[in-house]
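Heavy-atom basis, side chains included; hydrogens, waters and symmetry copies ignored.
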Amino acid sequence: MTPSDIDRELAQLDAAFLKRVRRTPDNACGPEVVLQGRPLVAFASNDYLGLANDPALKQGAIAAIEQWGVGAGASQLVSGRLAIFETLEQRLAEFAQREAALFFPSGFQANLGVLTALADRHDVIFADKVNHASLIDGALLSRAQHVRYQHIDLDDLANKLKNTPVGSGGTRLIVTDSVFSMDGDEAPLPALMALAEQYDAWLIVDDAHGLGVIGPQGRGSIADAGLPPHPQLIMIGTLGKAAGVSGAFVAAGANVIEWLIQRARSYIYTTGASPMIAGALLAALEQILQGDERRAQLQRRIAELRAGITTLNLPFELVPSRTGIQALVIGDNVKTLAVAAKLLEQGYWVPAIRPPTVPVGSARLRISLSAAHTPGHITGLVDALAKAV
Ligand SMILES: *Cc1c(COP(=O)(O)O)cnc(C)c1O
């Protein structure tokens, strides 16, 4: 690509209403944000439990800074695994009810690390078509054969498992988001586990949007589905969403975690996260485990929003979801942007999600709810939506 190619491509994106712009809030993450001096009610973050600006987490980070400083100084394999990370990994393993856990600086890195450590060109990765970009990139980077099955379609997956030969020395991996990030719908984990067992395959579950929100004590989608530990079941939990901080972990059998330490390049060749992250996360885990009231609050806001939108009788699908992700599918890019702009005029910030993040023709408002929203925020949004469409 030459510089003039770039200029031409950027102009094309702009003309197709596909150019992304970054909005820059003037205050901390929360339901009420200030954008270029304008107060707005935001339905845009993944801070589902309202922990991102919570005093207990801030205190955890401050205490960690006082004891450990702000930088780890090196990758975790060299000298950057300060003892607070060992504590964090023990708590994460307990949280996931697995033998061991490994902390990564981000979910993107965790997904790249797991897929490239477990799969190579002898293996076949079976992936839901709408999996997160980091799982797609991890599969590509692994050089495994990448077979994408229709979204949540168990028959299609079973057919593909049956009809895709795996050479000697090769293995199968089934890879899925638990809660899909643009729809809020969910993968059928018990059925996927049964298929994994039938084909002696790994099941890798990215629980970015389930962790903290569903399951007993917010332990996530695998706990919610009641799946017991299994040698070929791997959970990836991200910690920048309901947990309110950043980073991610992989929870699995001890041998899998030991293998990742040896082979996951996105773990090995990156500087260890700041100890303040670990301090904040230790506090976040306590808040999640004791967070039944926050989860109940989130469920009340979800019910209020869904009831409110249903009474508007809009000609758009509100995708069924019991999670913080509530998607109103409008379809056309320009129309979706126009509705989002009209909401913004009335003081409501709801992201318009367009291709390539979602399939062509399914542009949508992604209304993201938090336990920190009030009933007034929700009724205000529903009224604004009535006017905007
Ligand atoms: C956000 C997200 C990730 C990436 O996690 P980060 O910690 O933000 O890098 C991975 N998978 C899914 C499904 C996500 O929604």
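Just one residue in the list His209, Arg295, Arg294 forms a side-chain hydrogen bond (donor to acceptor under 3.5 Å, both in side chains) with Tyr48, and that residue is His209.
If you take CG on Leu10 and CG on Leu18, they are separated by 12.0 Å, rounding to the nearest 0.5 Å. Within the model, atoms CG of Leu385 and CG of Leu312 stand 6.0 Å from one another, a figure rounded to the nearest 0.5 Å. In this structure, Leu233 CG and Ile222 CD1 are separated by 4.5 Å, a value rounded to the nearest 0.5 Å. Between the OG atom of Ser368 and the NZ atom of Lys241 there is a distance of 10.0 Å, given to the nearest 0.5 Å. How far CZ of Phe126 is from OH of Tyr199: 9.0 Å, rounded to the nearest 0.5 Å. Between Thr238 atom OG1 and Asn46 atom CG the span is 8.0 Å, to the nearest 0.5 Å.
Looking at heavy atoms from C-beta onward, Leu344 lies in side-chain contact with Arg23 at the 4.5 angstrom threshold. By the 4.5 Å heavy-atom criterion applied to side chains, Asp207 and Ser178 are counted as neighbours. Looking at Tyr149 and Leu154, their side chains never come closer than 4.5 Å, going by heavy atoms from C-beta outward. Taking the side chain as every heavy atom from C-beta outward, Leu281 and Arg91 never approach each other to under 4.5 Å. Residues Asn333 and Val360 fail the side-chain proximity criterion, which asks for heavy atoms closer than 4.5 Å. In this structure, the side chains of Ser221 and Leu189 come closer than 4.5 Å at one or more pairs of heavy atoms. Side-chain contact between Ser45 and Trp349 is absent, with no heavy-atom pair separated by less than 4.5 Å. Counting heavy atoms from C-beta on, the side chains of Asp120 and Arg143 never come closer than 4.5 Å.
In terms of the side-chain hydrogen bond (donor to acceptor under 3.5 Å, both in side chains) criterion, residue partners of Glu197 (sequence neighbours excluded) are, by chain and number, His230. Contacts of Arg354 classified as salt bridge (charged side-chain N to carboxylate O under 4.0 Å, His left out), with partners at least two apart in sequence or in another chain: none. For Glu286, the side-chain contact (heavy atoms from CB on, under 4.5 Å) partners at least two apart in sequence or on another chain are Gln290. For the side-chain contact (heavy atoms from CB on, under 4.5 Å) test, residues two or more places apart in sequence or in another chain that qualify with Thr323 are Val179, Glu186, Ser321, Ile325. Under the side-chain contact (heavy atoms from CB on, under 4.5 Å) criterion, Glu317 pairs with Val319, Pro320, not counting sequence neighbours. Residues passing the side-chain hydrogen bond (donor to acceptor under 3.5 Å, both in side chains) test with Thr271: none are found, sequence neighbours excluded. Ser79 is linked by a side-chain contact (heavy atoms from CB on, under 4.5 Å) to Ala74, counting only residues two or more places apart in sequence or in another chain.
Summarising the geometry of Ile302 relative to Leu369, their closest heavy-atom pair is CA-CD1, 3.6 Å, with the distance given to 0.1 Å. Of all the heavy atoms in Gly50 and Ser370, the pair that sits closest is N-OG, 3.5 Å. For Ala42 against Gly30, the heavy-atom pair with the smallest separation is CB-O, 4.2 Å. In terms of heavy atoms, Pro359 sits closest to Ser362 at O-OG, 2.8 Å. Smallest separation of non-hydrogen atoms from Val213 and Ala242: CG2-CB, 4.1 Å. Shown here for Ala352 and Leu337, the closest heavy-atom pair between the two residues is CB-CD2, 3.9 Å.
Under the ring pair (Phe, Tyr, Trp, His ring centres under 6.0 Å) criterion, the residue pairs touching residues 362-389 are Phe43-His373, His373-His377, with sequence neighbours excluded.
For the residue pair Asp206/Asn131, the side-chain donor-acceptor check at 3.5 Å is not satisfied. For the 3.5 Å distance criterion, the side chains of Asp5 and Thr2 qualify, holding a donor opposite an acceptor. There is a side-chain donor-acceptor pair under 3.5 Å between Gln297 and Arg300. Side chains of Arg20 and Thr357: a donor-acceptor N/O pair is present below 3.5 angstrom, by distance only. Side-chain contact annotation: Thr87 with Gln90, donor-acceptor N/O pair under 3.5 Å absent. A donor-acceptor contact closer than 3.5 angstrom links the side chains of Gln217 and Arg219. Under 3.5 Å, the side chains of Arg22 and Thr24 contain no donor-acceptor pair of N or O atoms.
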Item to check | Working for side chain to side chain contact (heavy atoms under 4.5 Å, CB included), residues Asn53 and Lys58 | outcome: CA-CA 7 Å; Asn53 195 25; Lys58 291 202 264 195; 3.0 Å; yes

Checklist entry - Can you check side-chain hydrogen bond (donor to acceptor under 3.5 Å, both in side chains) on Gln326 and Arg306, steps first, answer last? => result CA-CA 8 Å; Gln326 300 289 321; Arg306 297 192 67 87; 2.5 Å; yes

Next on the checklist: Lys387 vs Asp383, test: salt bridge (Lys or Arg N to Asp or Glu O under 4.0 Å). Steps then yes/no.
Outcome noted: CA-CA 7 Å; Lys387 290 186 195 132; Asp383 291 347; over 6 Å; no

Checklist entry - Can you list the steps and then say if His151 with Asp128 is a side-chain hydrogen bond (donor to acceptor under 3.5 Å, both in side chains)? => result CA-CA 5 Å; His151 179 49; Asp128 190 290; 2.9 Å; yes

Item to check | salt bridge (Lys or Arg N to Asp or Glu O under 4.0 Å) evaluation trace for Arg322 with Asp224 | outcome: CA-CA 12 Å; Arg322 58 172 175 153; Asp224 183 64; 2.6 Å; yes

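By the 4.0 Å N-to-carboxylate-O rule, Asp332 lies too far from Arg364 to be salt-bridged with it. For Arg301 and Glu304, the salt-bridge test passes: some basic side-chain N is under 4.0 Å from an acidic carboxylate O. Between Asp156 and Lys160 a salt bridge is recorded (basic side-chain N to carboxylate O distance below 4.0 Å). Note on Arg81 versus Glu89: salt bridge recorded, some NZ/NE/NH1/NH2 to OD/OE distance being below 4.0 Å.
Side-chain contacts under 4.5 Å among hydrophobic residues (ILVMFWY), followed directly or transitively, place Val358 together with Met182, Ile353. Grouping Ile, Leu, Val, Met, Phe, Trp and Tyr by side-chain contacts under 4.5 Å, direct or through others, puts Ile152 with Val130, Phe180. Applying the 4.5 Å side-chain rule to ILVMFWY residues, one finds Ile136 in the same cluster as Leu140. When hydrophobic residues (I, L, V, M, F, W, Y) are linked wherever their side-chain heavy atoms come within less than 4.5 Å, the members clustered with Val175 are Leu77, Leu102, Phe104, Val114, Leu115, Leu118, Ile125, Leu135, Leu173, Trp202, Ile204, Ile234, Ile236, Val250, Val256, Ile257, Trp259, Leu260, Ile261, Tyr267, Ile268, Tyr269.
The environment of NZ in Lys342 is sparse: at most 12 heavy-atom neighbours from other residues, nucleotides or ligands sit within 6.0 Å. In Gln36, the CD atom is not crowded: 12 or fewer heavy atoms of neighbouring residues, nucleotides or ligands sit closer than 6.0 Å.
Aromatic ring centres of Phe85 and Phe103: separated by under 6.0 Å.
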